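Just so you know, these numbers come straight off a predicted model, no measurement behind them.
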Amino acid sequence: MLVRDASEPAADGSALEVLMVRRNLNSDFVGGAYVFPGGAVDPADGGAEAEAACVGRSDAEASALLGIEAGGLAYWVAVLRETFEEAGLLLAERQGGPALLAGDREEEARFARERSAVNAGTRRFLDLCRDEQLLLMVGDVHYFAHWITPQGAPRRYDTRFFVAAAPPGQIAAHDAGETIADTWISPRDALAGHRAGTIEIIFPTIRNLQAISRFATSGQLLAAAAEASRSVPTIEPRVVADGNGVRIVLPGDEGYDAAPVPAASSRPENFNEAVRAISMRANQEGLDPPPPPGGPAH
């Protein structure tokens, strides 16, 4: 989740905006939904070469935050690589140099070509960083949430969410491949748009939007996220059937521990439509959103 403050606060005083990109309509899983930039961790995102390209966080520190033995820094490198690939934004710096991609036309054109090559697989992201003498600003990226797709789904994801300030001076642009649109939007407007049916958002994205919507500014959110990143719980929802079809229960909800693992034969005929229905039920006005990291916003 890349965040920034709008130039003009909303009527309620909130200025927080988050970047969202729209998935390709032909995607197997909920095509057309608005999500945060991201993707899979690649083996090339880790190792000594990756650690040498990073500033602000070691592999040991990253691994401790994620609760794994080693290799955690690869998640942060993947975050920055995927953000560059899908949104054209690069959280990196040159030591002692000017801000990256902040108005230099020649540099912007060169990095646009580099981005296309990284997306095409003909250029390694870490090779780009080495050749341009870039340091990846992983210390400014905060671990925020951990979601695992419920058992019984035809495809499952183990997803870590992160939050960072958008790099100043850089302009977001979707890749016109995996993503077909991009927008800066307040979390509350995104949730309202989903309720109105003007944009599509799925359950984990909704819950993260609800969590960050309690903050008025990006500074408040990032300060809380930095503090809370040391104790991020894993959330693995469970799907239970009721009179209205299916619903999601979360750890701590009544009935969570007793929820059976759905058999393959009991899966909804159209899993995407079931996801859409569950997501809409999770985003009803009047429902209390989950508490933000670090407690209530001030």
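The existence of a salt bridge linking R94 and E132 is confirmed by a sub-4.0 Å separation between a basic side-chain nitrogen and an acidic carboxylate oxygen. A salt bridge links R156 and E236; the closest N-O separation between the charged side-chain nitrogens and carboxylate oxygens is under 4.0 Å. Comment: E49 engages R124 in a salt bridge, judged by a side-chain N to carboxylate O separation of less than 4.0 angstrom. A salt bridge links D131 to R123: at least one charged side-chain nitrogen sits closer than 4.0 Å to a carboxylate oxygen.
Atom CG of L66 sits about 6.5 Å away from atom OH of Y75, to the nearest 0.5 Å. One finds the CD atom of E114 at 9.0 Å from the OG1 atom of T122 (value rounded to the nearest 0.5 Å). Taking CG from N283 and OG1 from T205, the interatomic distance works out to 11.0 Å, rounded to the nearest 0.5 Å. Rounded to the nearest 0.5 angstrom, L209 CG and L191 CG are separated by 5.0 Å. With values rounded to the nearest 0.5 angstrom, L80 atom CG is found 7.5 Å from C54 atom SG. Interatomic distance, I201 CD1 to R207 CZ, rounded to the nearest 0.5 Å: 13.5 Å.
Looking at heavy atoms from C-beta onward, M137 lies in side-chain contact with E93 at the 4.5 angstrom threshold. Residues E178 and E86 have side chains in contact (heavy-atom distance under 4.5 Å, counting atoms from C-beta outward). Between H194 and I206 there is a side-chain heavy-atom pair separated by less than 4.5 Å. At least one side-chain heavy atom of L136 sits less than 4.5 Å from a side-chain heavy atom of C129. With a 4.5 Å cut-off on side-chain heavy atoms, E61 and S58 count as touching. Residues I235 and P251 are in side-chain contact: their nearest non-hydrogen atoms beyond the backbone lie under 4.5 Å apart. Between F111 and F84 there is a side-chain heavy-atom pair separated by less than 4.5 Å. With contacts defined as side-chain heavy-atom distances shorter than 4.5 Å, the pair T183/Y34 qualifies.
Scanning both residues, I148 and P237, for their nearest heavy atoms gives O-CD, 3.1 Å. Of all the heavy atoms in L16 and T217, the pair that sits closest is CD1-C, 4.0 Å. For A92 against L134, the heavy-atom pair with the smallest separation is CB-CB, 4.2 Å. Heavy atoms only, all atoms of each residue included: A40 and A78 are closest at O-CB, 4.3 Å. Shown here for L19 and P37, the closest heavy-atom pair between the two residues is O-CD, 4.0 Å. In terms of heavy-atom proximity, R57 sits nearest to V141 at NH2-O, 2.9 Å.
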Between E17 and D5, does a side chain to side chain contact (heavy atoms under 4.5 Å, CB included) hold up when you go through it step by step? CA-CA 6 Å; E17 293 183 328; D5 292 335; over 6 Å; no

Decide yes or no on side chain to side chain contact (heavy atoms under 4.5 Å, CB included) for V55 and V138, but give the supporting numbers first. CA-CA 6 Å; V55 61; V138 296; 5.9 Å; no

Check the pair V163 / L222 against side chain to side chain contact (heavy atoms under 4.5 Å, CB included), numbers first and verdict last. CA-CA 7 Å; V163 64; L222 294 168; 4.0 Å; yes

Taking it one step at a time, do S229 and H142 satisfy side-chain hydrogen bond (donor to acceptor under 3.5 Å, both in side chains)? CA-CA 6 Å; S229 64; H142 307 297; 5.2 Å; no

Derivation and outcome, ring pair (Phe, Tyr, Trp, His ring centres under 6.0 Å), residues Y157 and W147: CA-CA 8 Å; Y157 298 90; W147 286 76; over 10 Å; no

Which is it for M1 and N208 under the side chain to side chain contact (heavy atoms under 4.5 Å, CB included) test, yes or no, and what are the steps along the way? CA-CA 9 Å; M1 295 180 287; N208 280 291; 4.0 Å; yes

Before giving the answer on ring pair (Phe, Tyr, Trp, His ring centres under 6.0 Å), spell out for F162 and F144 the whole-Å C-alpha distance, their side-chain angles and the decisive distance to 0.1 Å. CA-CA 5 Å; F162 299 79; F144 189 85; 9.7 Å; no

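Judged by a 6.0 Å distance limit and a 45° cone about the ring axis, R4 is positioned over the six-membered ring of W184. Remark: R81 is not positioned above the aromatic ring of F125, lacking an NZ or CZ atom under 6.0 angstrom from the ring centre and at most 45 degrees off the axis.
The main-chain N or O of R105 is never found under 3.5 Å from a side-chain atom of R110 such that the two would form a donor-acceptor pair. The closest donor-acceptor contact from the side chain of R238 to the backbone of Y256 lies under 3.5 Å. Under the 3.5 Å distance criterion, the side-chain polar atoms of E51 are matched with a main-chain donor or acceptor of D59. Between the side chain of D182 and the backbone N or O of V21 there is no donor-acceptor pair closer than 3.5 Å. Without hydrogens or angle criteria, D45 side chain to V77 main chain gives no donor-acceptor distance under 3.5 Å. Put simply, the side chain of N24 gets close to the backbone of G177: a donor and an acceptor are under 3.5 Å apart. Judged by distance alone, with hydrogens and angles left aside, the side-chain atoms of R22 form a donor-acceptor pair with the main-chain N or O of G32 at under 3.5 Å. Between the side chain of T198 and the backbone N or O of G193 there is at least one donor-acceptor pair closer than 3.5 Å. Listed for the D189 side chain is no donor-acceptor partner under 3.5 Å among the backbone atoms of S186. A donor-acceptor contact shorter than 3.5 Å is absent between the side chain of S14 and the backbone of A10.
Using a 4.5 Å cut-off between side-chain heavy atoms of Ile, Leu, Val, Met, Phe, Trp and Tyr, with links allowed through other members, F161 and F215 fall into the same hydrophobic cluster. By the rule that hydrophobic residues join a cluster once side-chain heavy atoms approach within less than 4.5 Å of another member, L2 and M20 end up as members of separate clusters. Linking ILVMFWY residues whenever their side-chain heavy atoms come closer than 4.5 Å, directly or via other members, places L128 and V41 in the same cluster. Linking Ile, Leu, Val, Met, Phe, Trp and Tyr residues whenever their side-chain heavy atoms come within less than 4.5 Å places I185 and I212 in a single cluster. Linking Ile, Leu, Val, Met, Phe, Trp and Tyr residues whenever their side-chain heavy atoms come within less than 4.5 Å places L101 and V118 in a single cluster.
More than 12 heavy atoms of other shown residues, nucleotides or ligands fall within 6.0 angstrom of atom CD in E107. Around atom CD1 of I171, no more than 12 heavy atoms belonging to other residues, nucleotides or ligands sit under 6.0 Å away.
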